[in-house]
Amino acid sequence: MSDKKPHIHCIYASTSGNTEYAVETASGIWQQQGAQITLHKAQKTPIDVVIKNQRFLFATSTWDHGTLNPYFNALYAELQTADLSGKTACFIGLGDRRYEHYYFCTGMKLLQEVWQKNGGTTVGTQLTIGREPYEEAITNIIIEWAT
């Protein structure tokens, strides 16, 4: 067994700060557990970050009627043709329940689908958040999920 700390790259798209808060909360738990964390804003993340690394958290909100947060569009397009074999990821989705139930957290589901289609492995369960993540109850759910 290796003594090397796991390195998790957290790639997220956040417009209002809600997704960023959820990622920072989860990654803070992992850091406390000994993981090395690097946070990446999706709109500033080249595909090389994904190609050269192994462990990821992807997090995004859902826009309109089931589309990905636009900050993820460029990276998502490059993920379409990337070989993701041997890589693992977990996923956080934030959504607004005002839209049809079908579209709730679809942005995250789109990311997970391309991840798995191209050979990536999903670990854990998806975390979906339908309210403000700053509420104490939701923050506790994020902490429990990350633990």
| query | For Tyr21, which residues count as a ring pair (Phe, Tyr, Trp, His ring centres under 6.0 Å) partner, sequence neighbours excluded? | reply | Tyr134
| Counting only N and O atoms by type, is there a donor-acceptor contact under 3.5 Å from the side chain of Trp145 to the main-chain atoms of Thr125? | yes
| field | Residues in side chain to side chain donor-acceptor pair (under 3.5 Å) contact with Glu144, at least two apart in sequence or another chain | value | none
| field | Step-by-step side chain to side chain contact (heavy atoms under 4.5 Å, CB included) determination, Ile129 to Ile141 | value | CA-CA 9 Å; Ile129 300 171; Ile141 289 169; 5.9 Å; no
| query | Does the side chain of Leu94 come within less than 4.5 Å of Asn69's, by heavy atoms? | reply | no
| request: Please confirm whether the backbone N or O of Gln36 pairs with a side-chain atom of Trp30, one donor and one acceptor, at under 3.5 Å? | output: no
What donor-acceptor contacts under 3.5 angstrom involve side-chain atoms of residues 37-59, with partners at least two apart or in another chain?
{"unit_1": "Thr38", "atom_1": "OG1", "unit_2": "His7", "atom_2": "NE2", "d": "2.7"}
{"unit_1": "His40", "atom_1": "NE2", "unit_2": "His9", "atom_2": "ND1", "d": "2.8"}
{"unit_1": "Thr45", "atom_1": "OG1", "unit_2": "Lys41", "atom_2": "O", "d": "2.6"}
{"unit_1": "Asn53", "atom_1": "OD1", "unit_2": "His9", "atom_2": "NE2", "d": "3.0"}
{"unit_1": "Asn53", "atom_1": "ND2", "unit_2": "Val49", "atom_2": "O", "d": "2.7"}

| field | hydrophobic_cluster_shared for Leu75 and Tyr71, side chain cutoff 4.5 Å | value | no
| note | Residues Ala35 and Ile8: closest non-hydrogen pair is CB-CD1, 4.1 Å
| said: With side chain to side chain contact (heavy atoms under 4.5 Å, CB included) as the criterion, how do Ile92 and Thr19 come out once you've worked through the C-alpha distance, each side chain's angles and the decisive distance to 0.1 Å? | reply: CA-CA 8 Å; Ile92 295 177; Thr19 305; 5.7 Å; no
| message | Please say yes or no: joined through hydrophobic side-chain contacts below 4.5 Å, possibly via intermediate residues, are Met108 and Leu110 part of one cluster? | response | yes
| What's the shortest heavy-atom distance between Cys10 and Ser27, and which atoms? | SG-CB, 4.0 Å
| task | Take Leu84 and Leu79, measure what side chain to side chain contact (heavy atoms under 4.5 Å, CB included) needs, and give me the verdict at the end. | result | CA-CA 8 Å; Leu84 305 172; Leu79 286 171; 4.3 Å; yes
| Are Ile11 and Phe72 side-chain neighbours, meaning at least one heavy-atom pair lies under 4.5 Å? | yes
| query | Are any of the side-chain heavy atoms of Ile143 and Thr25 separated by less than 4.5 Å? | reply | yes
| query | Minimum heavy-atom separation for Thr122 to Gln116, with atom names? | reply | OG1-NE2, 2.9 Å
